[in-house]
*Asks:* 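Input: one structure, supplied below.
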Amino acid sequence: MKITEHIKRAEGKTLFSVEVIPPTKGTGIEDLYKNIDPLMEFNPPFIDVTTSREEYVYIEKGNGLVERKMTRMRPGTLGICASLMHKYGVDTVPHVLCGGFTKEETEYLLVDCLYLGIDNVLALRGDAMKGQSRFVPTEGGHGHAGDLVGHINDIGRGKYLTDEQRTQEENKFCVGVAGYPEKHIEAPSMAYDLQRLKEKVDAGADYVVTQMFFDNRKFFDFVEQARAMGIQVPIIPGIKPVATKGHLSLLPKTFKIDLPEDLVKAMQEAKDNAAVRQIGIEWAVAQCRELKAYGVPVLHFYSMGKSDNIRKIARELF
Ligand code: FAD
């Protein structure tokens, strides 16, 4: 079922959902299940599965030479989606990237989604490849998420790259796109970034999921500005509980977001990672309570491979 339909059926009640990351090649799916199992009591109507970009690995050849190979360390997004649908009976949302995929490959992936009964996809540009300073579109691929949204909707209408109308049957995906309460790092201003978001919605996106944020004021401002620009689709906040002292530098660096001064101070003063984890739980519970009161349709948690803290947070809220 489409996410917009889940939201409609919830009639104003806030839903719980989670994003998971495919395991690294060779590690099996069991750990992923162990992380998801404890969260099923909160009835997530959908689970997002990320897609990793390709990267270069350097293989020692033993003779002083090094071979460079391109690979994906965490493949299997669609396979995991199918497994989760089968095992838990939930809808899944594969993340579909511009980066690393030609338009043909994207088309084939979306055809697989149709065969698997996947109704929702999150359309993303992807970041620059590791080692590259800026995003370079893949030859024959899309350059911006907005173009990808248009392509996904064409497929839903039965219009393929060869330009033939293959089917009259409407099979429209419910398409999500990313939004940035603290602005995307490459955007020169918030107004510019919101205009780009509006273009994604005008191209046919059905909902927005935000980058993680730790200060609700930024989310509320973002939603107000988006609404003022005419973006009327549901906006789902992304929540990440801080869990280790390492997150103090990792989260801002990786996701280009700010941590509020109070949170940083509390984390710095915490005696160990267990204390930091507890601070992260309490911060997220307070954030989520306020977001629920504001009427957000879904609280979407970034699990990044761990779920014990998300379970504790969800128990306070659902
Ligand atoms: P876009 O919407 O294309 O925007 C990228 C930049 O270009 C922005 O600065 C925007 O203002 C600008 N822009 C947009 N359209 C245009 C245009 N037409 N002309 C000029 N400028 C334009 N990354 C992964 O690799 N895998 C994942 O699974 C993944 N999941 C994510 C899930 C969520 C909820 C979020 C928020 C992010 C996720 N990301 C993921 C990261 C994402 O790929 C990066 O943030 C990426 O840098 C931007 O993606 P986007 O879809 O927002 O790009």
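Whatever order the structure lists them in is the order used to number ligands and atoms, beginning at 1. These values consider heavy atoms only, across backbone and side chains, with no hydrogens, waters or symmetry-generated copies.
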*Asks:* Can you check whether a protein heavy atom sits less than 4.0 angstrom from atom 4 (O) of ligand 1?
*Replies:* no
*Asks:* Could you give me the CA-CA distance, side-chain angles and deciding distance for Ser83 and Tyr33, then say whether side-chain contact (heavy atoms from CB on, under 4.5 Å) is met?
*Replies:* CA-CA 10 Å; Ser83 309; Tyr33 291 153; 3.4 Å; yes
*Asks:* Taking distance alone, with no angle check, do Ala145 and ligand 1 share an N/O pair under 3.5 Å?
*Replies:*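 N/O-N/O distance below 3.5 Å exists for this pair.
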*Asks:* Just to confirm my output: which protein heavy-atom neighbour is closest to atom 33 (C) of ligand 1, and how far is it?
*Replies:*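 I find the closest protein heavy atom is Tyr302 OH, 4.0 Å.
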*Asks:* Heavy-atom contacts under 4.0 Å between Val177 and ligand 1: side chain, backbone, both, or neither?
*Replies:* neither
*Asks:* Just jot down the ligand 1 atoms closer than 4.0 angstrom to any heavy atom of Ala187, in number order.
*Replies:* 9 (O), 11 (O)
*Asks:* Evaluate salt bridge (charged side-chain N to carboxylate O under 4.0 Å, His left out) for Glu5 paired with Arg9, printing each intermediate quantity in order.
*Replies:* CA-CA 6 Å; Glu5 188 59 30; Arg9 288 193 186 184; 3.3 Å; yes
*Asks:* What protein heavy atom sits nearest atom 53 (O) of ligand 1, and how far off is it?
*Replies:* Arg125 CB, 3.2 Å
*Asks:* Heavy atom to atom 32 (C) of ligand 1, shortest distance: which of Met190, His95, Glu199, Gln195 holds it?
*Replies:*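 Going through Met190, His95, Glu199, Gln195 one by one, His95 has the nearest heavy atom to atom 32 (C) of ligand 1.
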*Asks:* Please identify which of these residues, Leu122, Leu148, Val233, Asn153, meets the side-chain contact (heavy atoms from CB on, under 4.5 Å) condition with Val175.
*Replies:*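 Of Leu122, Leu148, Val233, Asn153, side-chain contact (heavy atoms from CB on, under 4.5 Å) with Val175 is met by Asn153 alone.
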*Asks:* Mind checking whether Phe219 and Tyr294 have parallel, tilted or perpendicular rings, split at 30° and 60°?
*Replies:*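 Rings of Phe219 and Tyr294: perpendicular, over 60°.
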*Asks:* At the 4.0 Å heavy-atom cut-off, does Tyr192 count as touching ligand 1?
*Replies:* yes
*Asks:* Under 4.0 Å from any heavy atom of Glu186, which atoms of ligand 1 are there?
*Replies:* 9 (O)
*Asks:* Treating Thr210 as the side-chain partner and Gly238 as the backbone partner, does any N or O pair qualify as donor plus acceptor under 3.5 Å?
*Replies:* yes
*Asks:* Is the closest N or O pair between Tyr180 and ligand 1 shorter than 3.5 Å?
*Replies:*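 Right, the criterion is met.
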*Asks:* In the protein, which heavy atom is nearest to atom 10 (C) of ligand 1, and how far is it?
*Replies:*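 Result for atom 10 (C) of ligand 1: Asp193 OD1, 3.5 Å.
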*Asks:* Less than 4.0 Å is my threshold; does some heavy atom of Phe255 fall inside it relative to ligand 1?
*Replies:* no
*Asks:* Look at the aromatic rings of Tyr302 and His300 and report parallel, tilted or perpendicular, splitting at 30° and 60°.
*Replies:* perpendicular
*Asks:* Give yes or no for whether the N/O distance cutoff of 3.5 Å, strictly under, is met between Thr210 and ligand 1.
*Replies:*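 Such a contact does not occur with ligand 1.
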*Asks:* Charged N to carboxylate O under 4.0 angstrom, Asp31 versus Lys34?
*Replies:*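 Judged by the 4.0 Å cut-off on N to carboxylate O distance, Asp31 and Lys34 do form a salt bridge.
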*Asks:* Just need the protein heavy atom nearest to atom 44 (C) of ligand 1, so name the residue and atom and give the distance.
*Replies:*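 It is Asp127 OD1, 3.2 Å.
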*Asks:* Check whether any heavy atom of Leu148 sits under 4.0 Å from an atom of ligand 1.
*Replies:*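 Per 4.0 Å heavy-atom rule, Leu148 does not contact ligand 1.
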*Asks:* Closer than 4.0 Å to some heavy atom of Leu97 - which atoms of ligand 1 meet that?
*Replies:* 24 (C), 25 (O), 26 (N)
*Asks:* Salt bridge or not between Glu186 and Arg196? Use side-chain N to carboxylate O under 4.0 Å.
*Replies:*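 Salt bridge absent between Glu186 and Arg196.
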*Asks:* Against the six-membered ring of Phe318, is Lys292 placed for a cation-pi contact (under 6.0 Å from the centre, within 45° of the normal)?
*Replies:*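 Cation-pi check for Lys292 and Phe318: passes.
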*Asks:* Have a look at Ala178, Gly146, Cys98, Pro188 and point out the one with the heavy atom closest to atom 36 (C) of ligand 1.
*Replies:*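 The residue whose heavy atom sits nearest atom 36 (C) of ligand 1 is Ala178.
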*Asks:* With heavy atoms of Gly126 as the reference, note each atom of ligand 1 found under 4.0 Å away.
*Replies:* 43 (O), 46 (C), 47 (O), 49 (O)
*Asks:* Is there a donor in the side chain of His95 and an acceptor in the side chain of Thr50, or the other way round, less than 3.5 Å apart?
*Replies:* no
*Asks:* With a 4.5 Å cut-off on side-chain heavy atoms, are Phe46 and Leu15 touching?
*Replies:* no
*Asks:* Quick check on contacts: which atoms of ligand 1 are under 4.0 angstrom from a heavy atom of Thr50?
*Replies:* 28 (O)
*Asks:* With atom 2 (O) of ligand 1 as the reference point, say which of Lys200, His144, Met212, His184 has the nearest heavy atom.
*Replies:*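 That would be Lys200.
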*Asks:* When rounded to the nearest 0.5 angstrom, what distance separates CG in Leu194 from CZ in Arg227?
*Replies:* 11.5 Å
*Asks:* Applying a heavy-atom cut-off of 4.0 Å, say which part of Arg196 lies close to ligand 1: side chain, backbone, both or neither.
*Replies:*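 The part of Arg196 near ligand 1 is the side chain, not the backbone.
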*Asks:* Between Pro22 and Thr77, is any pair of side-chain heavy atoms under 4.5 Å apart?
*Replies:*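 Yes, side chains in contact.
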*Asks:* If you take the nearest heavy atom of each of Asp147, Leu124, Thr51, Thr254, which one is closest to atom 24 (C) of ligand 1?
*Replies:*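 Residue with the shortest heavy-atom distance to the ligand atom: Thr51.
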